[in-house]
Structure formats: structure tokens, C-alpha cells
Amino acid sequence: MPPPLPPVEGKDAATLQAEMEGGAMYESLLTTLYLDRIAKLDDYGPKLGAVIATFPDARSTAKRLNEERKAGEPRGLLHGIPILLKDNIEAKGQVPTTAGSLALSNNVTNRDAPIVARLRDAGAIILGKTNLSEWANIRSNNSTSGWSAIGGLTKNPHALDRNTCGSSAGSAAAVAASLAPLAIGTETDGSITCPAGVNGIVGFKPTVGLVSRTHIIPISHSQDTEGPMTLTVRDAAAVMTVIAGSDPADPATVEADASKVDYTAGLTADALKGKRVGVLRDRIGDRADIAALFGAALKQMTDLGATVVEIADSRKGLDELGAAEFEVLMTELKADIATYLAGLPAKEGPKTLADLIAFNKADPSELKWFDQSLFELAESKGDLDSPAYKVAHEKAARLAGPEGIDRLMKQHDVDLLVGATNGPAWTSDLVNGDHYTGPSVSQLPAVAGYPHLTVPMGAVQGLPIGVSFIGGKWADADVLAAGYAYEQASRKRVTPTYRANVAP
């Protein structure tokens, strides 16, 4: 009888890399194990609905990388490690990039987004595409996170009737369920950090401009960014080290090469020692169970040498931020999606937001569960030269950055801000849509374009809760280091159970 296959469940990329370096694992077997696990858990079994498609060349790529290792030519920290991409990120091959929409079901561009090219150069194996909230959750206020017309509804591996949050739903659920050790998500406001928190993994939204957005289906050039979704902070830092960098096609990244570092180099267990940590107390909510987890997390930070500084008025002066952000997102959606669609290699297909609206009206399956009211509102907006947009853009950036995070950090003399990332996952309800009621600290770093990391801090009735670390612009390394120190001391990641529901 052959020996049993080595397990991959719960193993982070660094552990798998060590196993390959030590000869206990090799690239071809590792890729096969993950493909088999996708078939077992995603296509059958609990049917998580996290992965939309896998790449036919994944096994051949793994075999080639195995030969490179044998020849003594590994490419780096990600050599031979499978990674999943959110399905708004283009990658070469015959797998389309759809944003979950039937309107782009034939969108095979056969080109790599620059971050995908960087991942390939570092030896990562592009395993497949993950499901997402359709159009990254910008089509309707009545949507259900994790649902798309292409991929259906993604289930939370901690309780299958619970939501995954969005919009990087499939990426988060897939990593939590060990369908791959790594995934890439995208965020405009909370779309990496919320699903990471709800699914009990690490999620990192970097400084906007640190990572290229070229060949990625957009919402907002002011706020969009990609980021890693992983089991550990070290893995997130390793992915960031690979994907960070300037891209001539993305003007926002002009400072990236000068700002990026090796994000794994600063990961130390004592990174919180001597740090002053500002607590976003008024953003925690009123749940005693979440407050207890957060209190324990703060105690852990003080035990690590941090000084905790309470901030009771983090919302002061920011009443107009939400409206300004919304105006920016609606206006930029109309402009940015048209730019993306017009740049696609295929001549046929939708080229404007108006085309997408018309397609949805003509296809009953697209509007089966919720409307496209946000698309329609965005279509009514002016262009990027409109006075309303210019005023909103200036206001949003000022309130979130200089008068938001920057002011709070300076006024309270702190090195970073912390808060609760999420509440417990709610039950998915396609008829009534999302009913998220938990705490959230995503807006300020999202609108300011500053780094935001979430790390598991425990669970409520088995449903994961994350703790957020937020820093100033280009402070990505400091944020990752702080989260790493907490993670190493706390070890609060919860293993998924795939239970049907949260039993009373």
C-alpha cells in the first residue's frame, strides 16, 4: 500500500515552502493536492462555491517549477506555491475575467495583469479564479455579498448558511478552507478586510499606489487596490514583497518603487514593543462578546510592550465623509469602467456602463436577486471634470487623510490605529440581501488610501472576528510588523468546521 499523501489543510505557504526545500513535498504533488481539495470541498461536499475556474496549465507549470528546483534554481519565497486570483484580475490563458457578470463571460484577454506577471516571475503557480460579489459589490445596495451570476453564492466554511462578506468572498473562503495557501483580493472599501475577518484569515489592503491596478476591472482609481489574503501575516508580507512596485501604465504607482521594501524583513515578535497604539473605541459597537475579544487583544498588545491610547471621538468632524466618498465612487465607476471596457482586446462586447445596464435588463438571471440601482445612479453622473465630483474628491481625500487618520495619529501621538474588523457572519439571504450590523473601521483607510491589515482575534459562536491595524501612507511595513507580533503571541486563527449552521 502506498504511503498516505501529505496533508495541506491549514498549512501556510512558508510551511509548504520549507517542506519542498526539505524534500517532503514537491511542486507537482502540491498543485495536485490543492486541485483535488477544490474538487472535494468546492465542487462536491459542502460546495463552497469559492472557486469559479482553475487553469488547465497549473499542473504543467508546477512540473516545470519542480525541475527548476531540482536544478538548484528556485525563484524565491513563492516558488511552487499555488495562488488563486479574484475574478476581476486578468491572467493569461483561456479562463475569462468576468467580475462575476455574464456580460463578461467571454472576456478572455490572454494577458497578465502586472501583479500576475510578478507572481509568475517569483515562481507562484496561478491555480484559478475565485468567486466575488458581482462587480465587486457596486451594482446595488440590495445585493447579497459573495453572489455573482457566474459563480453563484459563496458559502462561509465556518458555517455554510453564513455569509462570506465581500467583495473578495471567494478568495477569503478559499484560503480559510485551504483550497490554496494564498489568494489575491481587491478592495475599494472593505472588500479585502471584511471577508478576511469574517472567514478567519489575514487580509492586507496596502497603500493605494503600492500595487499596480492595470488589467484589473475597476471601480475607483482613487481607492482601488489589490492585496494578499493568507493564513499568516508572514505569507501576506511575502506576497507584498513580490507584487509591490511601479507600473508606467498606472500613474498612481509612481512612488511605489521608491517606497517598497522587503516586507518580511521587519517581521519580529517584539515589533509592538515601545509602540503607541490608538484604539478606535467609538467604532467597536455595543456587542459585549466582541468587546471581550477586543479587550483581550489589547491586553496582548500591552503584554508585548505597546502603550494603548484610547480614542473616543474618531468620528469627530467626519460627518460629510460618507456622502463625499459615495459621489467619488459613483462618478469614477462610470468613467473607469468605460476606460477598462474600451481597452479590451475584443472588439465586440460592452464598452460602457450604459451597455452593461442594457445587458442586465435583457438577461433575467442577472437581476434575479437584486437590482442595478447603483449602476443606474452612476450612469446619471457627470464626468471627471464635473464640479460635483471635484468638490467631493477633494473633501473625501482631506477628511479621511489629513483630517482623519493623520489628525488622529498626531493628536494622540500614536504610531498606528487599531479596531475590530467585523462582527460575526450573518446568514446569507438572497431575497433580502445583506444585513451586516457589526463594527467596521475600513472607511478611513480605504478613502485615504492608507494600509489596513486584519488578523484573527478569536470567534463568537465559532464565527471568526478580526482585529485591524491601520497606519499612515507608505507605513505598510510597520502595519504588517505590528500585526505579525500580535499574531505570533495570540494564535487566534480558528479552523473551519463546515457545519450546516450555527446551532443554538
Side-chain angles (χ1 to χ4, degrees), residues 1-87 89 91-96 112 116 119-131 151 154 157 170-184 201 228-232 235 238-239 242 495-496 498:
M1 180 179 293
L5 294 174
V8 294
E9 183 176 8
K11 288 186 177 179
D12 58 274
T15 297
L16 294 167
Q17 191 62 253
E19 289 184 358
M20 288 190 287
E21 291 171 353
M25 180 72 75
Y26 56 94
E27 287 82 354
S28 297
L29 175 58
L30 183 60
T31 297
T32 296
L33 290 173
Y34 279 113
L35 289 171
D36 289 349
R37 193 167 173 83
I38 289 170
K40 179 181 178 181
L41 295 179
D42 210 58
D43 300 334
Y44 301 97
K47 294 185 178 180
L48 294 176
V51 178
I52 285 179
T54 56
F55 282 89
D57 66 347
R59 285 188 172 89
S60 60
T61 299
K63 184 177 180 181
R64 184 177 70 252
L65 290 167
N66 189 58
E67 294 303 315
E68 288 183 12
R69 190 184 296 276
K70 286 181 179 179
E73 300 174 349
R75 302 187 186 192
L77 294 175
L78 302 186
H79 187 97
I81 302 295
I83 189 168
L84 291 164
L85 307 174
K86 185 177 178 179
D87 194 28
I89 302 170
K92 287 181 180 178
Q94 294 306 302
V95 174
D112 278 341
V116 177
L119 288 166
R120 291 192 200 274
D121 288 346
I125 298 167
I126 309 302
L127 192 64
K129 293 290 196 75
T130 58
N131 197 19
T154 303
S171 292
V175 171
S178 294
L179 305 185
L182 307 171
I184 300 293
I201 65 168
M229 305 181 78
T230 63
L231 291 176
T232 67
D235 280 358
V239 173
V242 169
T495 301
Y498 309 99

- Compute whether any side-chain donor of one residue and acceptor of the other, for Thr15 and Asp12, lie under 3.5 angstrom apart. yes
- Query: Would you call Glu19 and Leu30 a side-chain contact if the rule is heavy atoms closer than 4.5 Å?
  - Reply: no
- Task: Please tell me if the side chains of Leu179 and Thr130 come closer than 4.5 Å, counting only heavy atoms from C-beta onward.
- Result: no
- Item | Smallest separation among heavy atoms of Leu65 and Gly123, with atom names | CD1-O, 3.2 Å
- Query: Taking all non-hydrogen atoms of both residues, which atom of Asp87 and which atom of Pro96 are closest, and how far apart?
  - Reply: OD1-O, 3.2 Å
- Message: Counting C-beta onward and ignoring hydrogens, is there a side-chain heavy-atom pair between Tyr34 and Val51 closer than 4.5 Å?
- Response: no
- Query: Does the pair Lys86 and Ile184 meet the rule for a side chain to side chain contact (heavy atoms under 4.5 Å, CB included), with working shown?
  - Reply: CA-CA 6 Å; Lys86 185 177 178 179; Ile184 300 293; 5.8 Å; no
- Can Met229 and Ile201 be said to form a side chain to side chain contact (heavy atoms under 4.5 Å, CB included), step by step? CA-CA 7 Å; Met229 305 181 78; Ile201 65 168; 3.9 Å; yes
- Query: CG of Leu77: more than 12 outside heavy atoms within 6.0 angstrom?
  - Reply: no
- Task: Could you go through the side chain to side chain donor-acceptor pair (under 3.5 Å) check for Asn131 and Thr154 one step at a time?
- Result: CA-CA 7 Å; Asn131 197 19; Thr154 303; 3.1 Å; yes
- Counting distance only, does the side-chain N/O of Thr31 pair as donor-acceptor with the main-chain N or O of Arg59 below 3.5 Å? no
- Exercise: identify the closest heavy-atom pair between Pro181 and Val175: O-CG1, 4.1 Å
- Exercise: identify the closest heavy-atom pair between Ala180 and Pro82: CB-O, 4.3 Å
- Message: Under a 3.5 Å distance rule, please check whether Lys11 uses its side chain to pair with a backbone N or O of Ser178 as donor and acceptor.
- Response: no
- May I ask you to decide if Ser28's main-chain N or O and Asn66's side chain share a donor-acceptor pair within less than 3.5 Å? no
- Which value, rounded to the nearest 0.5 Å, describes the distance between Gln94 atom CD and Asp57 atom CG? 10.0 Å
- Item | Arg75 side chain to Arg120 backbone, donor-acceptor under 3.5 Å | yes
- Item | OH/Tyr498: more than 12 non-hydrogen atoms of other groups inside 6.0 Å | yes
- Please assess Ile126 against Ile83 for the test side chain to side chain contact (heavy atoms under 4.5 Å, CB included), listing each intermediate value before the final yes or no. CA-CA 5 Å; Ile126 309 302; Ile83 189 168; 3.7 Å; yes
- Exam field: side chain Arg69 to backbone His79, donor-acceptor pair closer than 3.5 Å: yes
- Task: Mind checking the CG-CZ spacing from Leu84 to Phe55? Nearest 0.5 Å is all I need.
- Result: 9.5 Å
- State whether Lys70 and Glu67 are salt-bridged, where the test is any N-O pair (Lys NZ or Arg NE/NH1/NH2 against Asp/Glu carboxylate O) under 4.0 Å. yes
- Inter-residue atom distance Ile52.CD1 - Leu85.CG, 0.5 Å rounding: 11.5 Å
- Query: Mind checking whether Leu119 and Leu182 have side chains closer than 4.5 Å, heavy atoms only?
  - Reply: no
- Query: Once you round to the nearest 0.5 Å, how far does CG of Asp235 lie from CG of Leu78?
  - Reply: 8.5 Å
- Message: When you compare the side chain of Pro6 with that of Leu29, does any pair of heavy atoms fall below 4.5 Å?
- Response: yes
- Met20 and Ile81: side chain to side chain contact (heavy atoms under 4.5 Å, CB included), yes or no, with the steps? CA-CA 10 Å; Met20 288 190 287; Ile81 302 295; 3.6 Å; yes
